[in-house]
Trainee: 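There's a structure below that I have some questions on.
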Number of protein chains: 2
Amino acid sequence: MISFEEFVLEDDGPIYLQIIKYIKQGIAAGTIGNQEEVPSRRALSALLGVNPNTIQKAYHMLEEEGIIVSRSGAKSFTSVDDDAIARIRRELLVSDTTVWVKSMKLLGVNRDDAFELVRQIWNDMAGGEE
Amino acid sequence: MISFEEFVLEDDGPIYLQIIKYIKQGIAAGTIGNQEEVPSRRALSALLGVNPNTIQKAYHMLEEEGIIVSRSGAKSFTSVDDDAIARIRRELLVSDTTVWVKSMKLLGVNRDDAFELVRQIWNDMAGGEE
DNA sequence: CAAACTGTATTAATTATATAATACGGTTAA
DNA sequence: TTAACCGTATTATATAATTAATACAGTTTG
């Protein structure tokens, strides 16, 4: 069963996109595996304090991407083979890093200074490898 | 006069936030200086193909942050002393980098691998220092 | 079987974002 | 001075995102 304990709802963008990204990141990180049970629409909506329709929208889009499989009346599960995992991982790594690099260049920061900034921030943050 | 030639309207988030970020990044990068003229609401809306009210919303929020000054009937100008510039620059550097580092940690990427990924992407992108 | 849970669907209302069409009065420059 | 700008404000409309309240049929489990 996918855990949403580490999920934090942000004020940033649409909730359904945050949920989609969280699941994709989990798959890419390996913390969410294949044929793993997904929380029901009602259970996750109660846990996050949002509307069931919002969860349904996120799950439906994930299903259209072939990342989860739903059967009417039954529980929903992930459906990701090794190729799909690799594709999702690469997609997230490149898109997130490209956004950050673009920002650093706009701010006129060179690569070494950007690395130094990362070193300062990396250790102060929880989680991940040290 | 602030130039919007390099500005590209994305489908991502609200337009007024994109405009605010573009101006803040310009100030932080030094390409937008103090007491520099800002395009009129009507002129910028025509250039970007968006509604004048959307530009007004962005400018109004920038004025509330003390970053631009408007007088009814007259042109609007930036208002950023050295302290303000340093504050905005630090704010953008830290927030953007924190978002990226958080993403790398969620994906289970260690710092050295993250740096290697940046090296691959950095040179393939245009702009900024090499 | 029956109760509890599941995915799915529908309709209505709300908020944020953006557009559209104007209007008013202040500022600037020919 | 006067025409062309400027910032500002108002009202209406449209779409996207979200909430809300239900409802129905399929699946699972005791």
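All values below come from the heavy atoms of this structure, side chains included, with hydrogens, waters and symmetry mates left out. Numbers restart at 1 for each chain; the letters A, B, ... are given by sequence-line order, proteins then strands. The model shown is predicted, which means the values in this text are computed figures rather than measured ones.
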Trainee: Got a sec, which residues hit side chain to side chain donor-acceptor pair (under 3.5 Å) with Asn34(B), two or more places apart in sequence or on another chain?
Mentor: none
Trainee: Is Ser70(A) near enough to dT6(C) that one of its side-chain N or O atoms lies under 4.0 angstrom from OP1 or OP2?
Mentor: no
Trainee: If a pair satisfies ring pair (Phe, Tyr, Trp, His ring centres under 6.0 Å) and one of its residues is in residues 6-28 of chain B, list it, with sequence neighbours excluded.
Mentor: Phe4(B)-Phe7(B), Phe4(B)-Tyr22(B), Phe7(B)-Tyr22(B)
Trainee: With sequence neighbours excluded, what pairs up with Lys102(A) under the side chain to side chain donor-acceptor pair (under 3.5 Å) test?
Mentor: none
Trainee: Assess the residue pair Lys21(B) and Asp12(B) against the criterion (salt bridge (charged side-chain N to carboxylate O under 4.0 Å, His left out)); give the C-alpha distance rounded to whole Å, side-chain angles, the decisive distance to 0.1 Å, and a yes or no.
Mentor: CA-CA 13 Å; Lys21(B) 179 141 194 179; Asp12(B) 280 26; over 6 Å; no
Trainee: Between the protein and nucleotides 28-30 of chain D, are there any N/O to N/O pairs under 3.5 Å, and if so, what are the atom names and distances?
Mentor:
none

Trainee: Specify the separation, in whole Å, of atom CG of Asp11(B) and atom P of dA17(D).
Mentor: 12 Å
Trainee: Output a table of nitrogen or oxygen pairs between the protein and nucleotides 21-24 of chain D separated by less than 3.5 Å.
Mentor:
{"unit_1": "dA23(D)", "atom_1": "N6", "unit_2": "Arg42(A)", "atom_2": "NH2", "d": "3.2"}

Trainee: Measure from CD on Glu37(B) to P on dT27(C) and round the result to the nearest Å.
Mentor: 16 Å
Trainee: Excluding sequence neighbours, so at least two apart, what forms side chain to side chain donor-acceptor pair (under 3.5 Å) with Arg119(B)?
Mentor: Glu116(B)
Trainee: Return the set of residues passing side chain to side chain donor-acceptor pair (under 3.5 Å) with Glu65(B) (not counting sequence neighbours), or none when no residue passes.
Mentor: Lys24(B)
Trainee: Has Ser72(A) got a side-chain N or O lying under 4.0 Å from the OP1 or OP2 atom of dT8(C)?
Mentor: no
Trainee: Listed in order of residue number, which residues of residues 13-24 of chain B have a non-hydrogen atom at under 4.0 Å from DNA chain C?
Mentor: Pro14(B), Ile15(B), Tyr16(B)
Trainee: Using atom CG of Leu48(B) as one end and atom C1' of dT19(C) as the other, report the distance to the nearest whole Å.
Mentor: 15 Å
Trainee: Rounded to the Å, how far apart are Leu44(A) CG and dT6(C) C1'?
Mentor: 14 Å
Trainee: For Glu37(A), which residues count as a salt bridge (Lys or Arg N to Asp or Glu O under 4.0 Å) partner, sequence neighbours excluded?
Mentor: Lys75(A)
Trainee: Rounding to an integer number of Å, can you tell me how far His60(B) NE2 sits from dT17(C) P?
Mentor: 15 Å
Trainee: Write out all pairs satisfying salt bridge (charged side-chain N to carboxylate O under 4.0 Å, His left out) with one or both partners inside residues 44-58 of chain B, taking only residues at least two apart or from two chains.
Mentor: none
Trainee: Check Leu107(A) against Ala28(B) and note the closest heavy-atom contact, atom names and distance.
Mentor: CD2-CB, 3.4 Å
Trainee: Measure CZ/Arg41(A) against C1'/dT10(C) and give the value in whole Å, please.
Mentor: 17 Å
Trainee: Is any side-chain nitrogen or oxygen of Ser76(B) closer than 4.0 Å to OP1 or OP2 of dC6(D)?
Mentor: no
Trainee: Given atom NZ of Lys57(A) and atom P of dA20(D), what is their separation to the nearest angstrom?
Mentor: 17 Å
Trainee: Arg87(B): which residues meet the salt bridge (Lys or Arg N to Asp or Glu O under 4.0 Å) condition with it, sequence neighbours left out?
Mentor: Glu91(B)
Trainee: What pairs of residues pass the ring pair (Phe, Tyr, Trp, His ring centres under 6.0 Å) test when at least one of them lies in residues 59-114 of chain A, not counting sequence neighbours?
Mentor: Trp100(A)-Trp100(B)
Trainee: Send over the distance from Glu64(A) CD to dG7(C) C1', rounded to a whole Å.
Mentor: 15 Å
